[in-house]
2 protein chains.
Amino acid sequence: MSEHNAAIGIGELARRAGCKPETVRYYERVGLVDEAVRTEGGQRRYGEAAVRRLIFIRHARDFGFSVEAVRELLSMSDRPDMSCQEVDTIATHHLEEVESRLQRLEALRDELRRMVGQCAGGKVESCRIIEVLSDHQLCISEHDHGGASDLKHGPHS
Amino acid sequence: MSEHNAAIGIGELARRAGCKPETVRYYERVGLVDEAVRTEGGQRRYGEAAVRRLIFIRHARDFGFSVEAVRELLSMSDRPDMSCQEVDTIATHHLEEVESRLQRLEALRDELRRMVGQCAGGKVESCRIIEVLSDHQLCISEHDHGGASDLKHGPHS
DNA sequence: CTTGAACCTATAGTTGCTACAGGGTTTATG
DNA sequence: CATAAACCCTGTAGCAACTATAGGTTCAAG
């Protein structure tokens, strides 16, 4: 390994991983990235390892892994000798969650399509959308609110 | 009439709509449900109208409508004479978001399936999951996040 | 009248960032 | 060398949409 440490600032690091400096500082606070070396003036300086780690983190987050899951994945990838049984477990579990969310979203999409298709542009009193939302009978899924709705992290309207 | 109105407590109301009392109080704070009549001791009492309204809200939330969107839908359903053009607009917009979210989630599922399928249970150093998360080149789909988030990872140079 | 479940308010926590405010540092240029 | 622009710092507050806790009060049954 070359001792050649490019020593980039936090802005450059963030840019390379596709996030913002605030996000990097946030990851540092919660312990996903190590505390950086500082200049005399107190500014953070990073090397290539930090870039790779941050890219890993951003990818995992883009794949929908929670920060906690990323933390586990990271700690495992730091110990290359161990079996990747756990890695597989985490990813499989995550896959299951994604698949169940997909199913619900599909049902939701179908219902929305039906709603929108049936809105004839008349008066609200005969609007199917309002009707569907009001009427318990027309509910897509039975109310099993053991765990709350999974639709919560959506882009806001 | 006031004698006839079943006057239930907040717990019963919440149970009927499939949520928790805290959620109802939260909705009251943010103005989705009206302030309730109180007993002499200060406890909230509700009638059937509140039950219907809360069920409407919970359905809309289950459908993934944001609280802001629900607020609009509610204000429209309060005026049955108006055209449901706006209702349709909100629902259509929401449908588009759901569809775009579905697409991304499907791409994610495919990627996760491939990852999981390729984890042979060996050592972490040769684990495909870790590898995929580390290396952008191995990403098949360019998981392009629509307008939701701006500049994600550009080409690594 | 006593118990205990249900209720009250207020506040803080959750997740994963993002956006300031009000400074200090580094670097490029004149 | 001086200055200006670009960058960086900490700390705090905010976002959605609730959820949880603490510490106290009220209600309804027995």
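Naming: A, B, ... by sequence-line order, numbering from 1 per chain.
Residue B:R61 places no side-chain N or O under 4.0 Å from the OP1 or OP2 atom of D:dA16. Applying the 4.0 Å criterion to OP1 and OP2 of D:dC27, one finds that B:T39 has a side-chain N or O inside that range. OP1 or OP2 of C:dG16 has not a single side-chain nitrogen or oxygen of A:Y27 nearer than 4.0 Å.
Using a cut-off of 4.0 Å between Lys/Arg side-chain N and Asp/Glu carboxylate O, B:R25 and B:E28 are scored as not salt-bridged. Ion pairing between a basic and an acidic side chain is recognised when a charged N comes within 4.0 Å of a carboxylate O; B:R109 and B:E106 show no such pairing.
A:R53 and A:Y46 are not linked by any side-chain donor-acceptor pair at a separation below 3.5 angstrom, with hydrogens and angles left out of the test.
Across the protein-nucleic acid pair, A:Y26 atom OH and C:dT14 atom C1' stand 10 Å apart, rounded to whole Å. The interatomic distance linking B:R15 (CZ) with C:dA6 (P) rounds to 11 Å, in whole Å. One can place CG of A:L32 at 12 Å from P of C:dT15, the figure rounded to the nearest angstrom. C:dC17 atom C1' lies 13 Å from atom CG of A:D62, rounded to whole Å.
Residues B:P21 and B:G11 share a closest heavy-atom pair of CG-CA, 4.1 Å.
A side-chain donor-acceptor contact under 3.5 Å links B:R61 to the backbone of B:F65.
When each of D:dC27, C:dC17, C:dG16 is scored by its nearest atom to the side-chain atoms of A:R58, the top-ranked nucleotide is C:dC17. You'll find that the side chain of B:E22 is closest to D:dT21, out of C:dC17, D:dT21, D:dA17.
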- Note on the structure: Its contact letters, B for base, S for sugar-phosphate only and - for none at protein heavy atoms under 4.0 Å, make nucleotides 7-12 of chain C read SSB---
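Residues A:I57 and A:V30 fall within the same hydrophobic cluster, defined by Ile, Leu, Val, Met, Phe, Trp and Tyr side chains chained together at heavy-atom separations under 4.5 Å.
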